[in-house]
Asks: 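If you scroll down you'll find the structure; I have some questions about it.
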Amino acid sequence: VTLKRRKVVVIGGGVTGLTTAFYLQQAAKEQQYPLDVVVVEASLRVGGKIQTMRKDGFIIERGPESFIDDSGNVCRLAHDLGIAHKLVYNNVGQTYVAVGKELYPIPGSLLLGGPPKVSSFITSGLISLTGKIRAAGDLVIPRAAENQDEPIGDFFRRRFGKEVVENLVEPLMAGTFAGDIDHLSIQSMFPEFSQLEKEHRSLLLGMKRKKAGRLAIDHFAEQPLQYGTFEDGLETLIETLEEQLAPSTVLKGVKVEAIEKLQDGSMKVALNNISPIQADAVIMTTPFNAAKTVFGKYEVMQHQPLMKSATIATVTMAFKQEQLPKYKDALNFFVSRNSDLAITSCTWNNRKWDGVAPEGYDLLRVYIGRVGDEAIVELSDSEIERTVLEDLQKAVDLKEGPLFTVVTRWKQGMPQYTVGHEERVQQMKRELYEEFPNVMLVGSSYEGISVPDCIEQGREAAARMLNKMME
Ligand code: FAD
């Protein structure tokens with residue numbers, strides 16, 4: 001029997017789209033299934049949020065700078081691409097939180113992680129004595145009555161009190177996800193904690209019993225989690241994916257404008273500047289808001305509200321090491337709202353990673369902007385640079401200006417999984433798939449923002465789609 005040749009259009013050439021296309025082509029080849037895969041990417045380069053700049057011996061990440069690969073998804077992809085030997089992991093160091101005018105080290109076992117060591121509560125200046133007593137209340141406070149989603153802020157305030165949330169949980173969340181803890185969903189962002197409460201009632205006791213396991217971000221875990229990236233930066237992954245796709249798989253500089261159903265069950269993918277493509281299946285990997293527009297002609301998805309995303313900027317600056325004489329042990333610091341800094345976090349990338357800066361230089365990467373506090377990102381590059389420099393002078397006693405500064409703005413760049421996210425996504429997918437059985441929605445708006453989560457979604461979508469095609 002000769003099988004009919006099928007065509008799958010993957011919309012978006014970020015890490016999700018490229019991973020999807022790679023695994024689709026690989027599986028089709030293995031199964032000897034005649035499949036054409038086209039990736040349509042609106043911009044002139046692939047990689048989406050992953051963007052590495054290599055300059056005068058510095059490696060600068062404009063978007064994400066690393067990943068926590070608990071699930072092994074990146075490792076597996078690196079293996080399949082033959083670049084596992086290029087994976088590199090971070091060096092460790094001290095994390096601080098800026099509260100008021102001071103930086104306070106976070107003791108390794110403070111709060112979450114390991115047996116609750118009363119000594120670290122008592123010695124840490126980050127939380128007042130009253131705050132510490134309230135936090136220890138976690139040991140006796142009953143679990144929540146209902147099995148319902150709630151904001152991260154409410155969850156931790158209930159368990160540990162207001163001060164721990166203000167000086168620890170909120171800064172870590174703002175500096176990592178640019179998120180508003182009063183809207184982000186505990187169930188979608190930290191299902192592990194929700195589960196701990198259900199199973200053990202007290203988070204501290206639960207973690208002690210479970211040895212904390214590997215939780216979502218390392219500040220909350222007993223052992224610091226390892227961050228990974230690739231030699232020469234994250235874009236190594238994108239470059240290798242692109243190289244290994246079949247020739248002319250990717251259409252760059254072409255935007256998908258609409259998807260329409262055709263009589264025979266196939267779809268017309270309308271493009272902004274070239275003729276439409278007829279597709280048997282479509283895998284959408286763009287952010288949700290872009291996907292919604294593409295289906296604008298139909299009712300599906302249209303009643304779903306636009307998804308909120310935070311607008312943030314990353315700012316990377318290089319300094320001679322003598323310009324930063326203080327905090328020689330610091331790996332990074334996060335910023336509490338109880339301080340007058342505009343930045344939300346700062347990392348010494350040259351300490352975290354070998355080989356990202358020439359000898360004798362510090363490479364600082366700063367985040368600015370969070371949900372509800374984004375005006376700062378609208379300033380000009382030089383105004384952003386000035387704000388960051390002023391903050392660094394206040395926080396770490398920086399002397400004089402940088403060798404260079406790279407400002408990268410991410411407008412609506414960080415999706416926010418607000419309370420009820422999981423349920424909304426499931427409903428949206430159900431509705432869409434009923435109307436468009438050969439369309440799939442994957443990527444950072446749905447089942448995980450992180451690079452490993454995006455890779456997992458892409459790999460699974462590829463497998464499911466090929467099975468569907470072969471039915
Ligand atoms: P994207 O990278 O957004 O790719 C989507 C692509 O679709 C884009 O290239 C876009 O041009 C294209 N597109 C959109 N609309 C259309 C259309 N109509 N037609 C054709 N193409 C279209 N994750 C981590 O794991 N670790 C981190 O340290 C980390 N830090 C981050 C820091 C920043 C500043 C940001 C912004 C994100 C960070 N993330 C991090 C999250 C992670 O980078 C992203 O979630 C992930 O890269 C998203 O990949 P994606 O392929 O799903 O989407």
Side-chain angles (χ1 to χ4, degrees), residues 9-21 38-52 61-71 73-74 90 175-179 216-218 225 227-229 234-235 237-238 241 250-259 269-273 277 282-296 309-316 332 344-345 347 349 352 365-370 377 407-415 417 441-458 461:
V9 174
V10 176
I11 305 182
V15 67
T16 309
L18 295 180
T19 302
T20 308
V38 182
V39 177
V40 184
E41 167 53 50
S43 77
L44 292 172
R45 58 174 287 281
V46 287
K49 307 233 159 65
I50 296 180
Q51 205 173 326
T52 308
E61 297 289 0
R62 309 191 75 150
E65 63 99 70
S66 57
F67 46 80
I68 300 173
D69 195 23
D70 274 6
S71 49
N73 287 309
V74 188
N90 71 300
T176 315
F177 299 104
I217 45 177
D218 76 339
L225 291 180
Y227 291 90
T229 182
L234 272 182
E235 202 160 324
L237 177 64
I238 299 298
L241 276 166
V250 187
L251 291 177
K252 291 183 207 172
V254 179
K255 189 174 168 202
V256 172
E257 300 215 299
I259 292 178
V269 180
L271 307 170
N272 66 332
N273 49 8
I277 306 175
V282 170
I283 303 184
M284 291 274 333
T285 75
T286 68
F288 164 75
N289 294 356
K292 183 174 168 176
T293 314
V294 162
F295 290 99
S309 292
T311 291
I312 51 176
T314 60
V315 181
T316 303
N332 51 7
T344 60
S345 72
T347 302
N349 268 28
K352 190 166 173 185
R365 173 182 154 105
V366 166
Y367 273 96
I368 196 156
R370 50 176 125 200
V377 180
V407 178
T408 311
R409 262 167 257 262
W410 294 101
K411 212 171 162 60
Q412 304 281 303
M414 199 66 100
Y417 290 4
L441 295 178
V442 289
S444 58
S445 293
Y446 309 103
E447 260 127 56
I449 299 165
S450 73
V451 170
D453 287 343
C454 288
I455 288 175
E456 181 172 359
Q457 292 178 66

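Source: prediction; values computed, not measured. Order of listing sets the numbers, starting from 1, for every ligand and every atom in it.
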Asks: Is there at least one pair of N or O atoms, one from Pro287 and one from ligand 1, spaced under 3.5 Å apart?
Replies: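 No - when backbone and side-chain N and O of Pro287 are compared with those of ligand 1, no distance drops under 3.5 Å.
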Asks: May I ask you to list the atoms of ligand 1 that are less than 4.0 angstrom from any heavy atom of Val451?
Replies: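 Counting from 1, the qualifying ligand atoms are 23 (N), 24 (C), 25 (O).
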Asks: Please give me the minimum heavy-atom distance between Pro415 and Ser444, naming the atom from each residue.
Replies: CG-O, 3.6 Å
Asks: Going by the atom numbers of ligand 1, which of them fall below 4.0 Å from some non-hydrogen atom of Val254?
Replies: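 Per the distance check, 20 (C).
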Asks: Does the side chain to side chain contact (heavy atoms under 4.5 Å, CB included) test come out yes or no for Val256 and Val282, once each step is laid out?
Replies: CA-CA 11 Å; Val256 172; Val282 170; over 6 Å; no
Asks: So, regarding Arg62 and ligand 1 (criterion: nitrogen or oxygen to nitrogen or oxygen, under 3.5 Å), is there a contact or not?
Replies: no
Asks: Take Gln51 and Arg45, measure what side chain to side chain contact (heavy atoms under 4.5 Å, CB included) needs, and give me the verdict at the end.
Replies: CA-CA 10 Å; Gln51 205 173 326; Arg45 58 174 287 281; 3.6 Å; yes
Asks: Under 4.0 Å from a heavy atom of Val40: give me the atoms of ligand 1 that qualify, with their elements.
Replies: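 Contacts of ligand 1 toward Val40, numbered from 1: 20 (C), 21 (N).
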Asks: Can you name the closest pair of heavy atoms from Gly253 and Leu44 and give their distance?
Replies: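 So the two residues come closest at CA-CD2, 3.9 Å.
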Asks: Ignoring hydrogens and angles, tell me if any N or O in the side chain of Glu235 forms a donor-acceptor pair with the backbone of Gly47 under 3.5 Å.
Replies: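 A pair under 3.5 Å: no.
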Asks: For Gly413, take its heavy atoms, then give the atoms of ligand 1 lying under 4.0 Å from any of them.
Replies: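 By the 4.0 Å cutoff, the relevant atoms are 36 (C).
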Asks: When you measure from the heavy atoms of Pro415 to every atom of ligand 1, does any distance fall below 4.0 Å?
Replies: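 Per 4.0 Å heavy-atom rule, Pro415 does not contact ligand 1.
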Asks: To the nearest 0.1 Å, how far is atom 11 (O) of ligand 1 from its closest protein heavy atom, and which atom is that?
Replies: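 Here the closest protein heavy atom is Glu41 OE2, 2.7 Å.
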Asks: If you apply the rule side chain to side chain contact (heavy atoms under 4.5 Å, CB included), what do you find for Asn289 with Thr293, and how did you get there?
Replies: CA-CA 7 Å; Asn289 294 356; Thr293 314; 5.8 Å; no
Asks: List ligand 1 atoms under 4.0 Å from Ile312, heavy atoms only on the residue side.
Replies: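 Answer, ordered by atom number: 34 (C).
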Asks: Which residue and atom name correspond to the protein heavy atom nearest atom 45 (O) of ligand 1, and how close is it?
Replies: Ile449 O, 2.5 Å
Asks: I'd like to know whether NZ of Lys252 has more than 12 heavy-atom contacts from other residues, nucleotides or ligands below 6.0 angstrom.
Replies: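 Buried by this count: over 12 neighbours within 6.0 Å.
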Asks: Run the numbers for me: atoms of ligand 1, each under 4.0 Å from some heavy atom of Pro452, listed by number.
Replies: 25 (O)
Asks: Taking all heavy atoms of Thr285 and all of Gly12, pick out the closest pair and write down the distance.
Replies: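 Minimum heavy-atom contact is OG1-O, 3.3 Å.
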Asks: Counting only N and O atoms by type, is there a donor-acceptor contact under 3.5 Å from the side chain of Glu61 to the main-chain atoms of Ser66?
Replies: no
Asks: Which is closest to atom 27 (C) of ligand 1 by heavy-atom distance: Ser43, Ala313, Ser66?
Replies: Ser66
Asks: Can you tell me the protein heavy atom closest to atom 7 (O) of ligand 1 and the distance?
Replies: Gly12 CA, 3.3 Å
Asks: What protein heavy atom lies closest to atom 18 (N) of ligand 1? Include the residue and the distance to one decimal.
Replies: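 The closest one turns out to be Val256 O, 3.0 Å.
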Asks: Test of understanding: given a 4.0 Å heavy-atom threshold, classify the contact between Glu65 and ligand 1 as side chain, backbone, both, or neither.
Replies: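 Looking at Glu65 and ligand 1, just backbone atoms fall under 4.0 Å.
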Asks: Determine the minimum heavy-atom distance between Thr286 and Ala291, stating which atoms define it.
Replies: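 Looks like OG1-N, 3.5 Å.
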Asks: Considering heavy atoms of the protein only, find what lies nearest to atom 49 (O) of ligand 1 and give residue, atom and distance to 0.1 Å.
Replies: Val15 CG1, 3.6 Å
Asks: May I ask you to identify, for Ile68, whether its side chain, its backbone, both or neither come under 4.0 Å of ligand 1 on a heavy-atom basis?
Replies: neither
Asks: Looking at ligand 1, does any of its N/O atoms fall within less than 3.5 Å of an N/O of Val294?
Replies: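 Checking ligand 1 against Val294, no N or O pair falls under 3.5 Å apart.
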Asks: Just going by heavy-atom distances, which of Pro64, Ser309, Gly47 is nearest to atom 43 (O) of ligand 1?
Replies: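 Shortest heavy-atom distance from atom 43 (O) of ligand 1: Pro64.
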Asks: For a side chain to side chain contact (heavy atoms under 4.5 Å, CB included) check, start with the C-alpha distance between Tyr367 and Thr314, then their side-chain angles and the critical distance, and finish with the verdict.
Replies: CA-CA 5 Å; Tyr367 273 96; Thr314 60; 3.9 Å; yes
Asks: Can you tell me which residue and heavy atom of the protein come closest to atom 47 (O) of ligand 1, and the distance to 0.1 Å?
Replies: Lys49 CB, 3.7 Å
Asks: Which atom pair, heavy atoms only, marks the closest approach of Tyr446 to Phe288?
Replies: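 The answer is OH-CA, 3.4 Å.
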Asks: Tell me the protein heavy atom at minimum distance from atom 35 (C) of ligand 1, and give that distance in Å.
Replies: Met414 CE, 3.9 Å
Asks: Which residue and atom name correspond to the protein heavy atom nearest atom 4 (O) of ligand 1, and how close is it?
Replies: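 Its nearest protein heavy-atom neighbour is Gly14 CA, 3.5 Å.
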Asks: For ligand 1, which atoms have a heavy atom of Ser450 less than 4.0 angstrom away?
Replies: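 Listed by number with element: 23 (N), 24 (C), 25 (O).
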Asks: Within less than 4.0 angstrom of ligand 1, does Tyr227 place any heavy atom?
Replies: no
Asks: Look up atom OG1 in Thr408 and atom NZ in Lys49, then write down how far apart they are to the nearest 0.5 Å.
Replies: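 If we round to the nearest 0.5 Å, Thr408:OG1 and Lys49:NZ are 13.5 Å apart.
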Asks: Minimum heavy-atom separation for Pro287 to Ser445, with atom names?
Replies: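 Answer, listing the atom of Pro287 first, then Ser445: CA-OG, 3.4 Å.
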Asks: Which of the numbered atoms in ligand 1 are under 4.0 angstrom from any heavy atom belonging to Thr314?
Replies: 34 (C)
Asks: Check whether any side-chain heavy atom of Ile455 sits under 4.5 Å from a side-chain heavy atom of Leu237, and report yes or no.
Replies: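 Side chain of Ile455 against side chain of Leu237, heavy atoms only: contact under 4.5 Å found.
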Asks: Does any N or O of ligand 1 fall below 3.5 Å from an N or O anywhere on Thr16, backbone included?
Replies: yes
Asks: I need the Ile11 CD1 to Met284 CE distance, nearest 0.5 Å.
Replies: 4.5 Å
Asks: Is ligand 1 under 4.0 Å from a heavy atom in the side chain of Cys454, in the backbone, in both, or in neither?
Replies: side chain
